[in-house]
Amino acid sequence: MMKQAGFFDVEERLARLSGLGDQLEAFSQIVDFEVFRPDLEQALAYSTGSKGGRPPFDPVLMFKILVIQTLNNLSDERTEYLINDRLSFMRFLGLGLSDRVPDAKTLWLFRERLTQASAIERLFDRFDATLRNASYLPMSGQILDATLVAAPKQRNTNDEKTALREGRIPQDWQDKPSKLSHKDRHARWTLKFTKAKRQDDGSMPATDLAIPFFGYKSHVSIDRKFRFIRKWKTTDAAASDGARLREGLLDKTNTASSVWADTAYRSKANEDFMEKHGFVSKVHRKKPHLKPMPRHIQQSNAGKSVIRSRVEHVFADQKSQTGLFIRTVGITRATMRIRLANIVYNMRRFLFLERISTAA
């Protein structure tokens, strides 16, 4: 017969988890999740159209569950199971072994209500204010870049694809609401170019590889000094990177005016826009058509690359550490997913920088 776990057994296990380096415990110590409460309560009241009524679970608890989910790239069902299973999750959420755990449906409804109320923007800004209050101001200029975020592939006919590109809902989908609800009308196909790799015989392919990709695109601006995400935008995967620069992606509160980005952002419209708004362009220059790259431009681009490449750490962290992927349907929910990932990245970065300053 298995012995029932007692209070001191649980405490001993939690102490061991702390000794092994529980990331969620560190989150609890560094991040004040109560700062999100006013925005969460306002969003939930707005989404239901009512002011009264006590929610079944505390909104800060539910938001912390979204953080767990984002950190570990979990489905709603898997999140419910692991909260019941893991002591580290329970401790982070302040739940005891006998406390009720929100089920997958409750979590989905909570996230949906935040999505419909566009609350994620206010939550992001709230944590950005926390960073600024901790003296992490946007400094030393900013770096822009974008990355592709995969979504489940759609099996559509050519007629359906044409209708979607033209902004129409295919007739067959209109007649079948259940089918429409499972079809992503906003994600798009694009080509993802990767550098050609040396083949087994030692030769190099003549061209880089172009791989079809379906999903969305996450556009960010980070500050050069601390590498926090300061501005963001979500589009379909086929949207161009460059045009987003003029759509609110530049942070005017940065203490320096320099802007670094790759050649996708180099255009006359962007250069004029930056000059007009007081930014100094450090955007890579493109190679002249059918001509060799002039040596001075080559050297200038190489110097810019040293700084610009810092933004790649952000996307590498989001994809390798938290497995950024879109499970939902539509750009509104995809935006919620990507922006949650941006908040969680900033939390992880905040934790890292605070540990460095403490150790120094």
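Values below: all heavy atoms of this structure, side chains included; hydrogens, waters and symmetry mates excluded.
Asp223 places a side-chain N or O within donor-acceptor distance of the main-chain N or O of Phe228, the cut-off being under 3.5 Å. Side chain of Glu80 to main chain of Ala104: a donor-acceptor pair is present (N/O by atom type, distance under 3.5 Å, no hydrogens or angles). Side-chain atoms of Asn270 do not come within 3.5 Å of backbone N or O of Ser267 as any donor-acceptor pair. Side-chain atoms of Thr70 come within 3.5 Å of backbone atoms of Leu66 as a donor-acceptor pair (strictly under, hydrogens ignored). Here the side chain of Asn301 pairs a donor or acceptor atom with the backbone of Arg285 at under 3.5 angstrom. Distance alone, capped at 3.5 Å, is enough to place a donor-acceptor pair between the Asn254 side chain and the Gly141 backbone. Between the side chain of Arg337 and the backbone N or O of Phe325, at least one donor-acceptor pair lies under 3.5 Å.
Under a hydrophobic clustering in which Ile, Leu, Val, Met, Phe, Trp and Tyr are joined whenever their side-chain heavy atoms come within less than 4.5 Å, directly or via other members, Leu107 and Leu61 fall into the same cluster. When the side chains of ILVMFWY residues are joined at heavy-atom separations under 4.5 Å, either directly or via intervening members, Leu250 and Ile229 end up in two distinct hydrophobic clusters. By the rule that hydrophobic residues join a cluster once side-chain heavy atoms approach within less than 4.5 Å of another member, Phe33 and Phe57 end up as members of one cluster. Tyr345 is connected to Ile65 through a chain of hydrophobic side-chain contacts under 4.5 Å among Ile, Leu, Val, Met, Phe, Trp and Tyr, so both are in one cluster. When the side chains of ILVMFWY residues are joined at heavy-atom separations under 4.5 Å, either directly or via intervening members, Leu353 and Met139 end up in a single hydrophobic cluster.
Annotation: side chain of Arg339 is not in contact with side chain of Ser218 (no heavy-atom distance under 4.5 Å). Two residues are said to be in side-chain contact when any heavy atoms from C-beta on lie closer than 4.5 Å; Leu74 and Tyr81 fail this criterion. In this structure the side chain of Phe92 never reaches within 4.5 angstrom of the side chain of Gln23, judged on heavy atoms. Between Gln69 and Arg111, some side-chain heavy-atom pair lies under the 4.5 Å cut-off. Between Ile120 and Thr115 the shortest side-chain heavy-atom distance does not fall below 4.5 Å. At least one side-chain heavy atom of Val220 sits less than 4.5 Å from a side-chain heavy atom of Phe315. No side-chain heavy atom of Ile222 sits less than 4.5 Å from a side-chain heavy atom of His313. By the 4.5 Å heavy-atom criterion applied to side chains, Leu351 and Met347 are not counted as neighbours.
The closest side-chain donor-acceptor pair between Asp76 and Thr79, if any, does not fall under 3.5 angstrom. In this model, a donor atom of one side chain and an acceptor atom of the other lie less than 3.5 Å apart for Thr253 and Arg132. In this model, no donor atom of one side chain and acceptor atom of the other lie less than 3.5 Å apart for Asn73 and Arg78. A donor-acceptor pair shorter than 3.5 Å cannot be found between the side chains of Thr255 and Lys225.
Other residues, nucleotides and ligands contribute more than 12 heavy atoms inside 6.0 Å of the CZ atom of Arg348. For NZ of Lys192, the number of neighbouring non-hydrogen atoms (other residues, nucleotides, ligands) closer than 6.0 Å is 12 at most. Surrounding CZ of Phe352 are at most 12 heavy atoms belonging to other residues, nucleotides or ligands under 6.0 Å away. Heavy-atom neighbours of Glu275 CD from other residues, nucleotides or ligands within 6.0 Å: at or below the threshold of 12. Within a 6.0 Å radius of NZ in Lys286, other residues, nucleotides and ligands contribute more than 12 heavy atoms.
Pairing each heavy atom of Leu114 with each of Ala43, the nearest pair is CD2-CB, 4.0 Å. Between Arg308 and Ile143, the shortest heavy-atom contact is O-CG2, 3.6 Å. Contact record, Leu324 with Ala341: CD1-CB, 3.7 Å, taken as the closest heavy-atom pair. Across all their heavy atoms, Arg188 and Ala237 have their closest contact at O-CB, 3.4 Å. Smallest separation of non-hydrogen atoms from Ala26 and Arg355: CB-NH2, 3.5 Å. Taking all atoms of both residues into account, the shortest heavy-atom contact from His219 to Ser240 is CE1-O, 4.0 Å.
With respect to Arg333 and Glu112, a salt bridge is recorded, a charged nitrogen being found less than 4.0 Å from a carboxylate O. Remark: Asp272 does not engage Lys276 in a salt bridge, criterion side-chain N to carboxylate O under 4.0 Å.
The CG atom of Leu40 sits 5.0 Å away from the CG atom of Leu123 when rounded to the nearest 0.5 Å. The CG atom of Asp39 sits 11.5 Å away from atom CD of Glu121, with the distance rounded to the nearest 0.5 Å. Taking CD1 from Ile343 and CD1 from Ile338, the interatomic distance works out to 13.0 Å, rounded to the nearest 0.5 Å. With values rounded to the nearest 0.5 angstrom, Thr328 atom OG1 is found 7.0 Å from Tyr216 atom OH. Atom CZ of Arg230 and atom CG of Asn342 lie 12.5 Å apart (nearest 0.5 Å). Taken from CZ in Arg37 to CG in Asp32, the straight-line distance is 10.5 Å, to the nearest 0.5 Å.
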>> Between Asp241 and Lys217, is the side-chain contact (heavy atoms from CB on, under 4.5 Å) condition met? List the steps.
In response: CA-CA 9 Å; Asp241 296 355; Lys217 192 177 280 187; 2.9 Å; yes
>> Using the rule given for side-chain contact (heavy atoms from CB on, under 4.5 Å), can you reason through Phe36 versus Lys64, listing the C-alpha separation, both sets of side-chain angles and the distance that settles it, and then say yes or no?
In response: CA-CA 10 Å; Phe36 298 108; Lys64 289 170 83 172; over 6 Å; no
>> Between Lys268 and Glu271, is the salt bridge (Lys or Arg N to Asp or Glu O under 4.0 Å) condition met? List the steps.
In response: CA-CA 5 Å; Lys268 187 177 187 309; Glu271 296 300 305; over 6 Å; no
>> Run the side-chain contact (heavy atoms from CB on, under 4.5 Å) test on Ile307 and Lys282 for me, step by step, so that the C-alpha distance in whole Å, both residues' side-chain angles and the decisive distance to 0.1 Å come before the verdict.
In response: CA-CA 10 Å; Ile307 295 169; Lys282 302 283 186 181; over 6 Å; no
>> Show, in sequence, the C-alpha distance, side-chain angles and deciding distance for Asp103 and Thr106, and conclude whether the side-chain hydrogen bond (donor to acceptor under 3.5 Å, both in side chains) test is met.
In response: CA-CA 5 Å; Asp103 61 20; Thr106 303; 2.7 Å; yes
> side-chain contact (heavy atoms from CB on, under 4.5 Å) between Phe63 and Leu340: does it pass, once the steps are laid out?
Replying inline: CA-CA 10 Å; Phe63 180 65; Leu340 255 177; 4.1 Å; yes
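Here the rule is side-chain hydrogen bond (donor to acceptor under 3.5 Å, both in side chains) with Tyr136, and of Glu354, Arg349, Arg227 only Glu354 fits it.
Taking the six-membered ring where the residue is Trp, Trp189 and Phe214 present tilted rings, their angle falling between 30° and 60°.
Here Leu148 sits in one hydrophobic cluster together with Phe213; the rule is ILVMFWY side chains under 4.5 Å apart, joined directly or through other members.
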